[in-house]
Amino acid sequence: MVRTRFPRDVTKRATPPRVRAAPRPARRRTHGIEPPMRLTQGFIPTIKETPNEAQIASHRLMLRAGLVRQTSAGIYAWLPLGLRVLRNIERIVREEQDASGAQELLMPTIQPAELWRESGRYDDYGAEMLRIQDRHERDMLYGPTNEEMITDLFRQSVRSYRELPKLLYHIQWKFRDEVRPRFGVMRGREFLMKDAYSFDLDHAGAVVSYRKMMLAYMRTFQRLGLKAIPMEADTGPIGGDLSHEFIILAPTGESQVFYDAAFEEIDYLARGAGGFRHDSAADLERFFREMTSHYAATDEKHDTVKWDAVAPERRREGRGIEVGHIFYFGDKYTKAMNATVTGPDGKQVHPEMGSYGIGVSRLVGAVIEASHDDAGIIWPESIAPFRAAILNLKPGDAACDAACAKLYDALGADALYDDREDRAGVKFNDADLMGHPWQLVVGPRGAASGKIELKRRASGERVELTPEDALTRISAGVDRRA
RNA sequence: CGGGGUGUGGCGCAGCCUGGUAGCGCGCCUGUUUUGGGUACAGGAGGUCGUGGGUUCGAGUCCCGCCGCCCCGACCA
């Protein structure tokens, strides 16, 4: 048995090692776990008619395109196509968390009631918390969030202010027993969430962590192809006095939002002059001022006087879906759970905390709400389950088969090969429904003369060209940021 | 949790009022046909009618209980 020891000095480092900004691999989907896929061999059950329970667009399309299946109210199984999207979103969220200096860990889904009794939330949280007992009749719960557990982990091991700040996150399934689950994965009971927690010595430090996360969020949403607006929010049951929620725009959103066009004009991913760095206090300050100086409000908090002060051509209005929420709440938990570090003056202090959530599974639905048409989903390049679909209009035809094999070979895991023996219309419809950014249409008509058709899902634009040129167009068309 | 709706082959639905051999469309399987936007024809497989009880000679249908799911509202990543 090999014994592993953690190097001592790791915990002594005052600040985490600098992480390079947003790694962007040459090939996007390089987790190495996703195999190429032929439709005849895959498990991608598309359906023609809309299941009766699905009312909103994203829910309907997720069921029809074979992304998910519901197993109970508000609980979903993720099928291969849906899982790819979920993983792609998760990957971008992770890259931006890492880039901000946060460290990933993984906490369990099941938590002991004891921790929640310490913070006082075991009783406060109410019926939304799923409570269970193990065989020894110990009270347990399926975690709806992780403030208590992270605070417990922190207090066990962090002793000195020299080890601060700590910015920790995980991406884990949560359960909140919603009274009324709805809108498919947008308001499920079980959902995948990225939750981060910051620990700082004082208020000033906590504010820096808060701003870092805010920047990470804006970058994340931009990479997902979404227009996100940060809005001041109430802190709710998490408590605290500084909080923002992030609303993305979609025609079917739950609430009306009003905001200044400034939010759309900022490039959060820009480098160099005008860009924002996570490790520069000045940049973070400037960034935070940008985020808070422009008008933004939901209908509940809408202030018509302030709204009238915004130049008319800069007023933007639309429907919004909440996809993230960040909180600063000081020593609420460190005090209740007695987590302390030794300060510079030798006295014990309760670190200041913040928590930061992104609804990863909700984002799958939210992106679809923001990007679809009558025919189906229109995936942004950055999270599409496949970059392209290869439609073999006549399997068995030598020229078609050869052309498809070549394309499939070149694209590998980035392509979904529709090799079904079905009518052309079936394949066109399914490809539109599944929403691949590109469609490579190979039919006997063009194959004879060495041509295929390339269709752009978003615009509907089609061109006839050689397979080589099509492949070039596809890779050239990748916007690595969005 | 209040209000409303609904549950019948994989999906969408009819049948229930007025009890009497469980049907239609799509999908699926076989064959023919068609071949660039869900083709056509023929044959076939597949259903404890959500569930428990009751009424009746007989219940998908009538009565009572329970459960699931959906929508509106209050509540929320």
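Naming convention: chains lettered A, B, ... in sequence-line order (proteins, then strands); numbering from 1 in each chain.
Nucleic acid contact for A/Asp432: base, since at least one base atom lies under 4.0 Å from a heavy atom of the residue. Residue A/Gly357 is out of contact with every strand shown, counting any heavy-atom pair closer than 4.0 Å. Nucleic acid contact for A/Ser72: sugar-phosphate only, since backbone atoms but no base atoms lie under 4.0 Å from a heavy atom of the residue. No engagement by A/Gly396 is indicated, since no non-hydrogen atom pair under 4.0 Å with the nucleic acid exists. Within the 4.0 angstrom heavy-atom criterion, base atoms lie near A/Leu393. When heavy atoms are screened at a 4.0 angstrom cut-off, A/Lys455 is found touching base atoms of the nucleic acid. Here A/Glu245 lies out of heavy-atom contact (under 4.0 Å) with every strand.
With both ends at atom C1', the span from B/G7 to B/G12 equals 14 Å, rounded to whole Å. Only the C1' atoms considered, B/G19 is 8 Å distant from B/C62, to the nearest whole Å. Nucleotides B/A59 and B/C72 are separated by 34 Å at their C1' atoms, to the nearest Å. Using atom P as the reference point in both B/C66 and B/C71, the two lie 23 Å apart (nearest Å). B/G53 and B/G60: their P atoms are spaced 14 Å apart (whole Å). Comparing B/G9 with B/G43, their P atoms sit 25 Å apart, to the nearest whole Å. Only the C1' atoms considered, B/C64 is 37 Å distant from B/C26, to the nearest whole Å. A gap of 13 Å separates the P atoms of B/U61 and B/A22, to the nearest Å.
A/Trp438 carries A/Arg456 over the face of its six-membered ring, with the cationic atom under 6.0 Å from the centre and within 45° of the normal. Figure legend: A/Arg117 and A/Tyr122 shown as a cation-pi pair, the cationic atom lying under 6.0 angstrom from the six-membered ring centre and within 45 degrees of its axis.
One can place CZ of A/Arg362 at 8 Å from P of B/A77, the figure rounded to the nearest angstrom. Separating the CG atom of A/Asp422 from the P atom of B/G27 is a distance of 9 Å, rounded to the nearest angstrom. Rounded to whole Å, atom P of B/U39 lies 16 Å from atom CD of A/Glu421. Spacing between atom CD of A/Gln55 and atom C1' of B/C69 amounts to 11 Å, rounded to whole angstrom units. Following rounding to the nearest Å, A/Glu53 (CD) and B/C13 (C1') show an atom-to-atom distance of 15 Å. Rounded to an integer number of Å, the gap from CD of A/Glu178 to C1' of B/C70 is 16 Å. In this structure, A/His170 atom NE2 and B/A77 atom C1' are separated by 13 Å, rounded to whole Å. We find that CZ of A/Arg189 is positioned 7 Å from P of B/C69, with the value rounded to whole Å.
Between A/Glu148 and A/Met337 the shortest side-chain heavy-atom distance falls below 4.5 Å.
Between the side chain of A/Arg462 and the base of B/G37, a donor-acceptor pair under 3.5 Å is found. Side-chain N/O atoms of A/Glu453 and base N/O atoms of B/G36 include a donor-acceptor pair closer than 3.5 Å. A/Arg180 contributes no side-chain N or O that forms a donor-acceptor pair with the base of B/C75 under 3.5 Å.
Distances were taken from every side-chain heavy atom of A/Asp430 (C-beta onward) to each of B/G38, B/G36, B/C75; the shortest belongs to B/G38. For A/Arg176, the listed nucleotide lying nearest its side chain is B/C76; candidates were B/C71, B/C76, B/G25. Ranking B/G36, B/C75, B/G38 by closeness to the A/Asn429 side chain, first place goes to B/G38. With B/G12, B/C75, B/G36 as the candidates, the nucleotide lying closest to the side chain of A/Pro444 is B/G36. Of the candidate nucleotides B/A77, B/C72, B/C69, B/C69 has the atom lying nearest to any side-chain atom of A/Ala73. Residue A/Glu49 has its side chain nearest to B/G25 when only B/G25, B/G27, B/C75 are considered.
Across all strands shown, B/C76 forms no Watson-Crick or G-U wobble pair with both distances under 3.5 Å. When Watson-Crick and G-U wobble pairs are counted only if both distances are under 3.5 Å, B/A59 pairs with no nucleotide at all. The partner of B/U6 is B/G68, by the rule that a Watson-Crick or G-U pair needs both atom distances under 3.5 Å. Both distances falling under 3.5 Å, in either a Watson-Crick or a G-U wobble arrangement, place B/A40 opposite B/U32.
A stacking contact between A/Phe428 and B/G38 is absent: the pair does not combine a ring-centre distance of less than 5.5 Å to the base's six-membered ring with planes differing by less than 30°.
The aromatic rings of A/Trp307 and A/His302 stand perpendicular to each other, their planes meeting at an angle above 60°, with 30° marking the opposite boundary.
For the pair A/Met186 and A/His59, both in contact range of RNA chain B, the more 5′-proximal nearest nucleotide belongs to A/His59. The nearest heavy atom of RNA chain B to A/Ser361 and to A/Gly446 marks one nucleotide each, and the one closer to the 5' end goes with A/Gly446.
In this structure, the ring of A/Phe199 has its center less than 6.0 angstrom from the ring center of A/Phe154.
Looking only at atom types and distance, the side chain of A/Lys194 has a donor-acceptor partner in the side chain of A/Tyr217 under 3.5 Å away.
Taking 4.0 angstrom as the limit, A/Asn52 places a side-chain polar atom (N or O) nearer than this to OP1 or OP2 of B/C13.
In the displayed structure, A/Lys301 atom NZ is contacted under 6.0 Å by more than 12 heavy atoms of other residues, nucleotides or ligands. For CD of A/Glu300, the number of neighbouring non-hydrogen atoms (other residues, nucleotides, ligands) closer than 6.0 Å is 12 at most.
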